[in-house]
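The next block holds one structure in the form of structure tokens; read it before the comments.
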Number of protein chains: 2
Amino acid sequence: MSETVEALSRGAGLAAWRQIADALEAEIAAGKLAQGTQLPTEAALAARFGVNRHTVRRALATLAERGLIRASQGRGTFVEAAPLAYPIGRRTRFSEIVTGAGREPWGELVAQTEVTADANGAAMLGVSEGAPLLELVTVHRADGVPLSTARTWLPLPRFSGFAEAYAASGSITRALSACGVPDYTRLSTRIRARPADPAEAARLDLTPGRVVIVVSSVNVDAAGIPIQANRSAFAADRVELVVSP
Amino acid sequence: MSETVEALSRGAGLAAWRQIADALEAEIAAGKLAQGTQLPTEAALAARFGVNRHTVRRALATLAERGLIRASQGRGTFVEAAPLAYPIGRRTRFSEIVTGAGREPWGELVAQTEVTADANGAAMLGVSEGAPLLELVTVHRADGVPLSTARTWLPLPRFSGFAEAYAASGSITRALSACGVPDYTRLSTRIRARPADPAEAARLDLTPGRVVIVVSSVNVDAAGIPIQANRSAFAADRVELVVSP
DNA sequence: TCGCATTTGTGCGTATGTATA
DNA sequence: GTATACATACGCACAAATGCG
């Protein structure tokens, strides 16, 4: 049971809890404490650093506040997965973002239906109310982990072949290209957050009630014509949106 | 008890549930159903429109999905407050945004402490680790309703007079101006979401566990020098972030 | 603490009109 | 014309959450 006590510089202007927080953060950053692993108990950490458990708790609180760890009463404290930095800008592309993070992107088509535009959708896509739209429900993964699930509307008949192209390629960008849209940019982006509804939670493999970030956007083609309205629900634990300046 | 049944055009290609949804949406848009008021019960709406309760439920489901109403089992269905559109861009100013929405802004200083920069804060503000920082906790309101609570760090001694100036003016912009920073722009913005912690919930007047959108940003002065790091928690029900292109 | 009324949530069965093969 | 599938709409019953006395 004899555990060596790590040296903390005491009475030197640097608080003990901060040294502990820095030490643990360094271990997480270095991968010594991997994603999802359980931290030693507060009592064990107190023994390791030769401090009171209150001091350890103060260190853990700062890490928890920054989202590096999550304490769960009665279970323990766990290292959170680092969220994927997801840039939001004029040229947001899921595949490029995930690939750039060194992970493998894939989009899965869950459902497709033909609907008629309501007032809201009509305004976003610049079509008349009641116009036919293709509605797609998709799930987007990085290395198999679902990051977001989206509902996408495209005007018909222009994009009648979109669903097949998407199912085959797993990429919005490539499917649009197959429909004669070589390039597109984002016209508007609105961001909300709320608890996941049961359907979203199932598609994202979340326990019900976890938080999703809802990003509503409209994309336009090179001529500025709206081609796609989109409402994506991101698992809030797994991404961090970065507004590109 | 005799209630007049509103006319729906039946068998004319437009589904009854859609007509009901449109009628209710129009009443909400017109202010006949104000924010926070309870809708008639599903049974009452079914009687009013002369349809089955299922048909009403389908109409309500589409409105709930779009965030216009919120159903609460055992209590009723309520009109949601329209969230404030909050632009996120290079020149984000709380006061200007709220004023532009025709509401009265006010920022309240909850606490101020002098802290030393940890590795994270030091990197964001471009100072050395351990450098003295002023940490402020503030609450930001529109017409008295708290929209966000923020933790702000400013380098010392440059901004030693900031807290007093802020408490007096209730505005970050004016307080910075008093400290010799006439203009500033946003360098970076990162967005996350999670349940509110108890302290945040108290400051935002939220029931514990409601969702907050956490916006972390760094502001720089005209010379590009970081002057302020900020982590704001917005009540997710009360704002919609709009990424300005 | 308990029971009761109110209200939304869910499931099943049935019938009808419409588009498609 | 016939068969099938689908969306729409209705009726009934019960479960679950809430508020009140």
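Here is the naming used below: chain letters follow the sequence lines, and residue numbers restart at 1 for every chain.
- Atom CG in B:L60 sits about 14 Å away from atom P in C:dT10, given to the nearest Å.
- Here the C1' atom of nucleotide D:dT8 and the CZ atom of B:R57 are 16 Å apart, to the nearest Å.
- In this structure, B:N52 places its CG atom 16 Å from P of C:dT10, rounding to the nearest Å.
- Salt-bridge annotation for B:E25 and B:R66: present, with a side-chain N of the basic residue lying under 4.0 Å from a carboxylate O of the acidic one.
- Atom CG of B:L39 is separated from atom C1' of C:dT8 by 12 Å (rounded to the nearest Å).
- No side-chain N or O of A:N219 forms a donor-acceptor pair with one of A:S217 less than 3.5 Å apart.
- The listed nucleotides are D:dT8, D:dG11, C:dT8; the one nearest the side chain of B:T41 is C:dT8.
- Contacts between residues 64-71 of chain B and DNA chain C, counted as heavy-atom distances below 4.0 Å, involve B:A71.
- DNA chain D contains the following stems of three or more consecutive Watson-Crick or G-U pairs, with both distances under 3.5 Å: C:2-21 with D:2-21.
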Protein-nucleotides 13-21 of chain D N/O pairs under 3.5 Å:
residue : atom : partner : partner atom : Å
D:dA16  : N3   : B:Q73   : NE2          : 3.0

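- Within the structure, every side-chain polar atom (N or O) of B:T77 is placed at least 4.0 Å from both OP1 and OP2 of C:dT7.
- Atom C1' of nucleotide D:dA9 and atom CZ of B:R18 are separated by 16 Å, given to the nearest angstrom.
- In summary, the side chains of A:Y166 and A:T152 do not present any donor paired with an acceptor at a separation below 3.5 Å, with no hydrogens or angles considered.
- A salt bridge links B:E65 and A:R231; the closest N-O separation between the charged side-chain nitrogens and carboxylate oxygens is under 4.0 Å.
- A salt bridge is defined here as a Lys NZ or Arg NE, NH1 or NH2 lying under 4.0 Å from an Asp or Glu carboxylate O, and A:D221 with A:R158 meets this definition.
- Between A:D205 and A:R238, none of the side-chain N atoms (NZ, or NE/NH1/NH2) sits under 4.0 Å from a carboxylate O, so this pair counts as no salt bridge.
- The minimum heavy-atom distance linking B:I191 with A:V243 is given by the pair CD1-CG2, 3.8 Å.
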Going through the checks in order, is the side-chain contact (heavy atoms from CB on, under 4.5 Å) test met by A:L24 and A:L60?
CA-CA 9 Å; A:L24 293 175; A:L60 295 181; 3.8 Å; yes
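- Among the heavy atoms of the strands, none lies under 4.0 Å from B:A43.
- Nucleotide D:dG11 holds its P atom 16 Å from the CD atom of B:E42, rounded to whole Å.
- Between B:D197 and B:R151, none of the side-chain N atoms (NZ, or NE/NH1/NH2) sits under 4.0 Å from a carboxylate O, so this pair counts as no salt bridge.
- The shortest heavy-atom contact between A:A21 and A:L63 is O-CD2, 4.0 Å.
- Atom CG of B:L45 is separated from atom P of D:dC10 by 14 Å (rounded to the nearest Å).
- Salt bridge B:E240/A:R194: absent, no basic N to carboxylate O contact under 4.0 Å.
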